[in-house]
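Computed from a predicted model, the values in this text were never measured in an experiment. A note on names: the letters A, B, ... follow the listed sequences, proteins ahead of strands, and every chain is numbered from 1. Just so it is clear, the values below take in all heavy atoms, side chains as well, and ignore hydrogens, waters and symmetry mates.
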Amino acid sequence: MAVIDPEADVIVRTLRETALSWLGDVAAEAIADLEEMPRDTREQRVYAAKRQLEEVRRSLLSVVKLERQFTSELGSIAPQLGIRNVVFESPDGELVELTSQERTAALDRFASVLQLEIEGSLRAARLREGYPE
Amino acid sequence: MKDALKQAAEALSIAVPDLQTGKSFEAVVLFKAALALANGFEELVVRDHRGKVTTTFRLRGGPGHVPSQTAPGDQPSYLELRGSDARRSFELHNSLEFAGASGAEHEIDVALVWKPAIDELRNAGGGIVPHPPLVGIELKEFDPTKSLDKNLLRAFVACVVDLMPLRHLASFEVGRQFPHKEVRIGHGGHMFLYLTTADITPPSCRLCEFFGIEPHPNVDTTKLDQILGELYFRLTVWMAASL
C-alpha cells in the first residue's frame, strides 16, 4: 500500500478528540450527583467511574490491538493479490488512504493518547471529589 | 456524542464498542478468502466497477448495491474468480446488499456470488442483488475477552432466514420433533459463516448451527487456513455436482 495521506494527523486528532469527548461523557455520567451524596456513597461512585473508564480503555485498546494486527496482515496479503493500494471508503463516500505503516503509527498514537488521557480523567475525577491524588 | 466517535472511527475505519465498522477485518477476510479459493479457478483478478483490472482496491465503506459498469466516479472494487467458462466464474465482494423475501435489504460482510448473475445485474443498470449469495460471511470485530451479544447472532439468523425462507419453513417443527443436536437446516449449496474475534456462548453457537450457520468464535485471522480450506473443499464439491 503506497498511498500517502497528508491528513493522517488530522484523523488521529479527530479520533483523540472524539474519544475523549466520549470518555468525558462516561465520566460525567458516572460521577453525576456526587455532591448530593454522603461521602461513602460518593466513594463508591468514584470507584464505579474508575471501573467504567478502565473498561472503556481496555475495550478500546483491545480493538486497537486487533486493528494493528489486521493492518499488518493487509500489508502482506494485498501484494499477493497484485493490489498496491487499499482504499477504505467511508459510508459517506470519503476515502481514507493510509499506508499500512502510517495506519499502524496512527493507531499506536491513538492508544498512547487514550492511555494518558484516561489516567488524567481519573485523577481529575478524584481531585474534584476531594480525594488525595 | 457517539455520532462524533463513530465519525472518527469511520475516518480510520476501525471498530469501536457498539459501533460496527471494522473494515480492516473485512478486508483481511475478503483477501484471504480470495487467496484460499483461487486454487479452484483459472485466474484471480482484481477489478474496478468498470470491469477493468486494477491495482487499487476500493473497499466498500457501507452497505451497497452492485453498481452499473457505467456508473460515474469511483465505485467499490471486487475480486473475480475466473473459471474455465462464465458459468464457473464467481465474484467476491464486501458489504454487498441482498434482497430478502420480505423485501428487506441485508448486508453481507463478505459474499461470494455467481458472476453471470451479477453481470446481468450490472448490465441492467446495477442494484440490489435479488438472490442470496453462494457464500455469506458475517464478521464481528469485538473485544476478544467478551462473548458476543446473542442479539447480533439472532439478527444474522433472521437475515439468513429472510434470504432463504423456503429452507426454513419447516425448521421450527423439525426442531420440536427431533433431538436438537441432530438437526441442521441445510441451504442447498449456499454457505453462511459467522466469524468473530469475540467469544460465542454454546447456546448462541447452537442457535447458529440449527439454522445452518457455522459459528467461528475467537477467530484469529493469522489462522484462517482451516476455515477457508473447508470452504474451498465444499465449494469445489458443490461446483463439481452442480455446474
Heavy-atom closest pair, residues L35(B) and I77(A): CD1-CG2, 3.5 Å

Straight-line distance of R58(B) CZ to I83(A) CD1, nearest 0.5 Å: 14.5 Å

Side chain to side chain donor-acceptor pair (under 3.5 Å) involving S147(B) - partner list, sequence neighbours excluded: none

Residues 220-229 of chain B: residues contacting chain A (heavy atom under 4.5 Å, by number): D220(B), T221(B), T222(B)

Atom of V28(B), atom of F70(A) and distance for their closest heavy-atom approach: CG2-O, 3.6 Å

Residues that R154(B) engages under side chain to side chain donor-acceptor pair (under 3.5 Å), provided they are two or more places apart: N151(B)

Rounded distance [0.5 Å steps], CG in L30(B) versus CG in L81(A): 8.5 Å

Where at least one partner belongs to residues 47-69 of chain B, residue pairs that pass ring pair (Phe, Tyr, Trp, His ring centres under 6.0 Å), sequence neighbours excluded: F31(B)-F57(B)

